[in-house]
Protein chains: 2
Amino acid sequence: MAGPDEQDERAFLESYDPRAFDPVAVTVDVVALTIRDGALHVLLVRRGEPPFAGMWALPGGFLRGVRDAEDLPEAAVRELAEETGVSAADGPLERVHLEQLGTYGAPGRDPRMRVVSVAYLAFAPELPDPEAGGDAADAAWTPVDALGLTEAGDQRPGTTRRLAFDHARIVSDGLERARSKLEYTPLATAFCAAEFTIPELRAVYEAVWGEELHAGNFHRKVLSVPGFVESTGGTADRGGRRGGPRPRLYRAGDARLLHPALLRPSREEEIR
Amino acid sequence: MAGPDEQDERAFLESYDPRAFDPVAVTVDVVALTIRDGALHVLLVRRGEPPFAGMWALPGGFLRGVRDAEDLPEAAVRELAEETGVSAADGPLERVHLEQLGTYGAPGRDPRMRVVSVAYLAFAPELPDPEAGGDAADAAWTPVDALGLTEAGDQRPGTTRRLAFDHARIVSDGLERARSKLEYTPLATAFCAAEFTIPELRAVYEAVWGEELHAGNFHRKVLSVPGFVESTGGTADRGGRRGGPRPRLYRAGDARLLHPALLRPSREEEIR
DNA sequence: GCAATAGTGTCTTTAAGACATTATTGT
DNA sequence: ACAATAATGTCTTAAAGACACTATTGC
């Protein structure tokens with residue numbers, strides 16, 4: 001074992017000048033989810049440069065470390081704002097729920113150098129189409145079903161829209177987190193406008209979980225969970241797409257956890 | 001907005017030489033939890049050098065980025081092994097459950113420089129006392145109750161064992177994760193030896209949740225969850241500490257999720 | 001002997017899910 | 001007119017929790 005002096009010196013070097021010995025880059029990537037036309041979409045940008053030129057990737061970029069040092073969630077909001085063309089200050093991004101998803105740092109995940117990526121998950125109501133003005137060659141909301149993601153976190157052969165780096169894994173993790181969070185938190189309301197109807201809320205669950213829910217039971221269940229939604233007293237402009245009475249309007253309640261939870265019907269496979 | 005050439009150049013620089021512009025150091029810290037004498041303990045090391053000299057901190061260190069590049073979980077296992085003095089290859093660390101907890105990167109969290117720390121959470125059965133041979137001046141399993149952690153993630157005034165950096169927040173997050181995971185995963189078995197009794201398992205729940213559970217209902221509940229535990233057919237050497245029949249022995253089952261879950265009795269406060 | 005404990009039984013309350021029903025709307 | 005839909009009602013089953021009880025052990 002190294003003597004005390006030698007050890008102190010090493011500790012000093014490692015502590016005070018990381019550039020001198022072992023460079024690691026930190027990026028922040030965002031898995032932004034929204035619902036469009038009843039389907040779950042994720043925001044992707046098309047890469048213009050190698051590596052993975054022409055493939056799609058999550059919006060993200062390097063963390064500003066010292067110059068204009070920013071916190072991790074700040075960096076995530078910045079990346080999201082850059083890609084959507086929406087300023088973080090004004091409206092739409094206000095209602096975005098942001099949470100940390102996980103950090104990905106396997107050696108070789110970026111062929112250029114050692115990169116550790118902190119991934120954030122964003123839940124948003126319908127946002128504008130991304131503007132191509134950002135860093136990327138192109139950007140678009142993409143239906144997650146079009147990515148052909150497998151349970152193992154990669155893409156099925158034959159999927160045309162390929163994801164760069166390990167972003168298939170990150171998107172898979174984000175989707176699983178979203179599906180899980182809908183069970184025990186009121187996060188589904190983050191996909192809705194400020195006022196929404198129970199059928200709209202059910203459409204969110206169906207889009208994220210990818211399965212149909214029983215309308216009657218869902219309705220009663222949502223109203224029975226304390227603090228999930230609260231009535232506005234109002235009524236929607238019109239009924240369902242093909243008829244039916246006008247649903248009542250609700251807004252998000254003050255609950256942070258759903259109790260009892262809204263469990264997914266088909267969870268049997270994941271148990272073992 | 002910058003022209004295409006200028007933009008390309010900036011992207012090139014940022015992509016290929018992070019050392020040239022904005023250094024960020026990456027560390028991996030470990031919140032290692034175990035149960036000793038019926039109480040939940042966390043592994044801490046005492047800092048010998050400023051900043052925060054004399055205070056306690058989580059075991060951790062810099063990620064080996066290029067030289068001996070290692071994946072994040074590898075780094076966590078390495079840090080844990082270094083502090084416990086147990087080689088990762090042999091016995092005890094084999095049964096340790098490891099999962100990523102979160103990443104902490106607020107500017108100023110380390111006064112020396114910009115550090116992003118990836119925190120891992122480890123659940124372990126009883127491990128040996130740490131050896132002081134590692135980097136740290138001292139290392140010890142510490143009862144989490146002795147840290148005086150508040151719900152806000154800091155330490156109550158008057159707590160003697162102060163935590164350095166934002167490690168009070170990280171430990172708090174780790175504890176909350178552990179408490180939550182006990183509800184819907186069989187992770188409590190990771191705190192037990194290979195063979196254990198239902199009362200021992202209940203002691204784990206009581207230590208992590210910090211509340212007593214009804215022995216009879218707990219027993220029936222555990223056996224009713226498919227795949228949580230399976231009988232070994234054996235019986236413990238002796239009964240309870242102050243009498244009682246000898247409990248039967250079980251081992252961990254093949255379930256990855258508990259269904260139905262084992263919910264904490266007192267969750268009322270956290271809901272809103 | 002006595003107190004503590006493991007394990008099981010019973011009962012009540014709550015919640016989930018299947019199904020039915022009524023009223024109201026769009027086409 | 002007709003089909004779709006919102007919202008509510010009913011019934012069955014599963015599960016949680018309170019409580020009681022027996023058998024077995026340590027001291």
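Because only heavy atoms are used, hydrogens play no part in the values below, and waters and symmetry mates are left out as well, while side chains stay in.
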**OP:** Would you check if there is a donor-acceptor pair between the side chains of Thr142(B) and Arg161(B) at a distance under 3.5 Å?
**Re:** yes
**OP:** Scan side-chain atoms only and decide if Tyr104(B) and Asp173(B) contain a donor-acceptor pair under the 3.5 Å cut-off.
**Re:** yes
**OP:** Carefully, step by step, assess Gln155(B) and Leu163(B) under the rule side chain to side chain contact (heavy atoms under 4.5 Å, CB included).
**Re:** CA-CA 8 Å; Gln155(B) 294 183 279; Leu163(B) 289 169; 3.6 Å; yes
Nearest whole Å is fine: how far is [N] [atom2] from [X] [atom1]?
X         : N       : atom1 : atom2 : answer
Arg264(B) : dA16(D) : CZ    : P     : 16 Å
His259(B) : dA14(D) : NE2   : P     : 12 Å
Leu258(A) : dA15(C) : CG    : P     : 13 Å
Leu262(B) : dA16(D) : CG    : P     : 7 Å
Leu263(A) : dA15(D) : CG    : P     : 12 Å
Tyr250(A) : dA6(D)  : OH    : P     : 12 Å
Phe196(A) : dA6(D)  : CZ    : P     : 15 Å
Arg248(B) : dT5(C)  : CZ    : C1'   : 14 Å

**OP:** Measure from the side-chain N and O atoms of Thr150(A) to the backbone N and O of Ala152(A), and report whether any donor-acceptor pair falls under 3.5 Å.
**Re:** yes
Subject >> Polar side-chain atom of His167(B) near backbone of Leu58(B) as donor-acceptor pair, under 3.5 Å >> reply: yes
**OP:** Would you name the heavy atoms of Gly153(A) and Ser172(A) that are closest together and state the gap between them?
**Re:** CA-OG, 3.6 Å
**OP:** Mind listing the closest non-hydrogen atom pair of Ala146(A) and Thr159(A) along with its distance?
**Re:** O-CG2, 3.4 Å
Subject >> Five-pair end axes of the helix from dG1(C)-dC27(D) to dT27(C)-dA1(D), angle between them (10°) >> reply: 20°
**OP:** Using the side-chain hydrogen bond (donor to acceptor under 3.5 Å, both in side chains) rule, collect all pairs that involve residues 221-232 of chain A, keeping only residues at least two apart or in two chains.
**Re:** Glu230(A)-Arg251(A)
**OP:** For each nucleotide in nucleotides 18-27 of chain C, reading 5' to 3', give B when a protein heavy atom comes within less than 4.0 Å of its base, S when such contact involves only the sugar-phosphate, and - otherwise.
**Re:** BB---BBBSS
Subject >> salt bridge (Lys or Arg N to Asp or Glu O under 4.0 Å) contacts in which one or both residues fall within residues 30-44 of chain A, not counting sequence neighbours >> reply: Arg36(A)-Asp129(A)
**OP:** Answer with base, sugar-phosphate or nothing: what part of the nucleic acid does Ala236(A) contact at a heavy-atom distance below 4.0 Å?
**Re:** nothing
Subject >> Of residues 204-212 of chain B, the positions that come close to DNA chain D - non-hydrogen atoms, cut-off under 4.0 Å >> reply: none
Original post:
Is the shortest side-chain N/O distance from Lys221(A) to OP1 or OP2 of dA16(C) below 4.0 Å?
Top reply: yes
Original post:
Any side-chain N or O of His219(B) under 4.0 Å from OP1/OP2 of dG7(C)?
Top reply: yes
Subject >> Which residues share a ring pair (Phe, Tyr, Trp, His ring centres under 6.0 Å) with Tyr250(B), sequence neighbours left out >> reply: none
Original post:
Should Val42(A) and Thr34(A) be marked as a side chain to side chain contact (heavy atoms under 4.5 Å, CB included) after you check the CA-CA gap, both sets of side-chain angles, and the distance that decides it?
Top reply: CA-CA 7 Å; Val42(A) 60; Thr34(A) 195; over 6 Å; no
